[in-house]
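For reference, the structure discussed in these notes is given below.
Chain identifiers are assigned alphabetically (A, B, ...) following the order of the sequence lines, protein sequences preceding nucleic acid strands; residue numbering begins at 1 within each chain.
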2 protein chains.
Amino acid sequence: MALSRDQITKAALRILRKYGFADLSMRRIAAELDAQPSALYWHVQNKQELLVMAAVAILEPCRGDDVLQLTRSVRAALSSVRDGADVALIAVAASPKPLPGLSRLPEMLREFGLPEQDADWGARTLVHHILAAVAEEQNAAALGTSVDPHASEAFDFGVRAILRGIGAERAAMDEPTLF
Amino acid sequence: MALSRDQITKAALRILRKYGFADLSMRRIAAELDAQPSALYWHVQNKQELLVMAAVAILEPCRGDDVLQLTRSVRAALSSVRDGADVALIAVAASPKPLPGLSRLPEMLREFGLPEQDADWGARTLVHHILAAVAEEQNAAALGTSVDPHASEAFDFGVRAILRGIGAERAAMDEPTLF
DNA sequence: ACCTGAACACCGTTCAAGT
DNA sequence: ACCTGAACACCGTTCAAGT
């Protein structure tokens with residue numbers, strides 16, 4: 001089968017799911033597709049771009065009618081792929097344009113009535129929380145460390161705390177749309 | 001000069017400061033110390049352990065009489081070393097025991113009167129914010145992306161929001177010790 | 001247009017052997 | 001006790017050459 005950006009992305013996700021981030025090399029992806037490593041470079045500029053493509057694919061299906069739902073959806077999407085948070089962490093750092101799912105957060109906060117800067121900074125704080133929380137969970141799982149049985153509650157606790165804290169105290173209480 | 005864990009840590013920090021995380025290899029550190037790469041493995045189990053040692057050295061001097069001061073101190077310490085946040089991110093994931101500086105956060109929140117679980121989760125949210133915020137700044141700097149001129153305010157905004165949000169609304173207002 | 005083959009300049013880690 | 005030398009099994013990326 002002919003190579004394509006889509007094929008390459010899917011092969012990367014297969015390797016990620018089965019073997020994790022440490023095994024996600026250009027050479028491994030090429031082998032998965034029965035091609036030479038150098039062949040990938042016709043379709044993709046470098047490994048960073050490939051990681052962004054993988055992150056976009058992971059975050060694509062994220063939905064949510066309110067902030068808490070959306071953050072949970074992002075958490076679930078990242079958790080569904082081994083080392084998904086590590087990939088997303090690199091992608092947000094490398095990508096000039098915002099990633100799907102995450103990009104909706106500042107919009108939601110603005111629609112909710114927050115001043116623009118509060119909405120932007122608040123969204124960034126939320127993204128930091130999501131990525132770091134999932135990264136911590138996944139790394140603990142990878143190391144065989146005991147997984148926190150209350151991880152979901154701890155996650156929601158953080159999201160709610162940030163929402164309350166960004167000047168949405170009233171909001172968090174009175175406005176059901178936010179939760 | 002004879003090798004030691006301390007010499008190795010310092011050599012690692014020198015490379016980090018001058019050339020960044022991408023150049024921080026065992027072979028590079030060995031070269032910096034005029035030794036063979038294999039020599040390092042008598043003093044250190046593997047690269048992960050070395051990264052934890054580097055993170056500990058970076059975070060060692062962190063101080064602060066209240067939460068905001070401490071978080072600022074951690075931010076400054078991480079910012080002072082190129083890619084410091086990336087190293088810390090890996091170290092917190094890899095290290096079984098808490099890192100200096102960061103470990104004081106849950107204590108402070110408890111002393112302040114928060115229930116134990118709120119203090120722990122709140123501290124974790126704060127740590128996530130700090131590490132991800134600095135990582136984002138440093139990666140933007142490395143990519144030549146325009147550095148946010150309000151990075152410090154955005155950082156404080158996040159810390160304050162989290163503090164308010166973890167049930168310390170009254171605290172954040174009434175209790176000067178927290179800020 | 002799309003891919004192979006070969007090369008360049010690297011990695012982390014192990015382990016026998018030296019001193 | 002502490003380190004060298006050599007090896008193993010890898011990396012990302014480039015680029016002439018093939019089809």
* Asked: Who is the Watson-Crick or G-U wobble partner of C/dA6, with both distances under 3.5 Å?
  -> D/dT14
* Structure fact -> Checking N1-N3 plus N6-O4 or O6-N4 for Watson-Crick, or N1-O2 and O6-N3 for wobble, each under 3.5 Å, the partner of C/dT19 is D/dA1
* **Separation of the P atoms in D/dA9 and C/dA9, to the nearest angstrom** => 23 Å
* **Cation-pi geometry met for B/Arg75 and B/Phe155 (6.0 Å, 45°)** => yes
* Asked: Hey, is the main chain of A/Gln69 close enough, under 3.5 Å, to the side chain of A/Ser73 for a donor-acceptor pair?
  -> no
* To do: Write down the atom of A/Ile162, the atom of A/Gly122, and the distance for their closest heavy-atom approach.
  => CG2-O, 4.3 Å
* For A/Val52 and A/Ala94, work out which heavy atoms get closest and say how close. => CG2-CB, 4.4 Å
* Asked: Are A/Val44 and A/Trp42 connected in a single hydrophobic cluster, I mean Ile/Leu/Val/Met/Phe/Trp/Tyr linked by side-chain heavy atoms less than 4.5 Å apart?
  -> no
* Compare side-chain N and O positions of B/His43 against OP1 and OP2 of D/dA1 and report whether any pair is under 4.0 Å apart. => no
* **Under-4.0 Å side-chain N/O to phosphate OP1/OP2 contact, B/Gln36 with D/dC3** => no
* Contact check, side chains of B/Leu50 and B/Arg5, non-hydrogen atoms, under 4.5 Å -> no
To the nearest Å, how far apart are [X] [atom1] and [N] [atom2]?
X	N	atom1	atom2	answer
B/Ile29	C/dC10	CD1	C1'	15 Å
B/Tyr19	C/dC10	OH	P	13 Å
A/Leu40	C/dC3	CG	C1'	11 Å

* **Sugar-phosphate or base contact per nucleotide [nucleotides 12-19 of chain C; S, B, -; heavy atom under 4.0 Å]** => BBBB----
